Amino acid sequence: MSDNIVTGEYIVVKALENGVTLIGLTRGGVTKFHHSEKLDKGEVMIAQFTEHTSAIKIRGRAEVMTKHGKIRTDD
């Protein structure tokens, strides 16, 4: 297990409508779904990229905040 597990970048996702889905995707030669969460309007989730999570797919209207800035999925 890598020492960098807890030092991966974080994102904050705020749902702007009910039913926003976050899907974690794995690293490696074959990308697979490994986790999903559903958020309702106003709910916030803090997600971290780790040695297992290389990408996060977001379905629905949401605001995403990273150290690089803020974006809305409906922009």
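The structure displayed is predicted, hence computed values, not measured ones. Position 1 is the first residue of the sequence; numbering continues from there.
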Joint hydrophobic cluster, Val64 plus Ile56, side-chain heavy atoms closer than 4.5 Å: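 Shared cluster, yes.
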Cluster question for you: counting only ILVMFWY and a side-chain heavy-atom cut-off of under 4.5 Å, with indirect links fine, are Phe49 and Val13 together?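 Yes, Phe49 connects to Val13 through the hydrophobic network.
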Quick check for you: to the nearest 0.5 Å, what is the distance between [X] atom [atom1] and [Y] atom [atom2]?
| X | Y | atom1 | atom2 | value |
| --- | --- | --- | --- | --- |
| Lys70 | Glu63 | NZ | CD | 4.5 Å |
| Lys32 | Ser54 | NZ | OG | 13.0 Å |
| Leu25 | His35 | CG | NE2 | 12.0 Å |
| Lys41 | Glu17 | NZ | CD | 9.0 Å |
| Ile71 | Met65 | CD1 | CE | 12.0 Å |
| Ile23 | Ile58 | CD1 | CD1 | 10.0 Å |

Just to verify, which of Lys57, Met45, Arg59 counts as forming a side-chain contact (heavy atoms from CB on, under 4.5 Å) with Leu22?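 Only one of Lys57, Met45, Arg59 forms a side-chain contact (heavy atoms from CB on, under 4.5 Å) with Leu22, namely Met45.
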Determine yes or no for a side-chain-to-main-chain donor-acceptor pair under 3.5 angstrom, with Thr53 supplying the side chain and Gly24 the backbone.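 Answer holds: no.
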Is there side-chain contact between Glu43 and Lys14, with at least one heavy-atom pair below 4.5 Å?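 The answer is no; the side chains never approach within 4.5 Å.
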Could you tell me if the side chain of Thr26 sits less than 4.5 Å from the side chain of Phe33, heavy atoms only?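 No, side chains not in contact.
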Heavy-atom pair of closest approach, residues Ala15 and Val20: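 The pair with the smallest heavy-atom distance is CB-CG2, 3.8 Å.
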Is there a side chain to side chain contact (heavy atoms under 4.5 Å, CB included) between Arg61 and Arg72 once you walk through the steps? CA-CA 7 Å; Arg61 290 183 54 240; Arg72 287 176 53 136; 3.2 Å; yes
Could you walk me through whether Lys67 and Glu9 satisfy the side chain to side chain contact (heavy atoms under 4.5 Å, CB included) test, starting with their C-alpha distance in whole Å, then the side-chain angles of each, then the deciding distance to 0.1 Å, before giving a yes or no? CA-CA 8 Å; Lys67 73 176 189 178; Glu9 283 193 42; 3.6 Å; yes
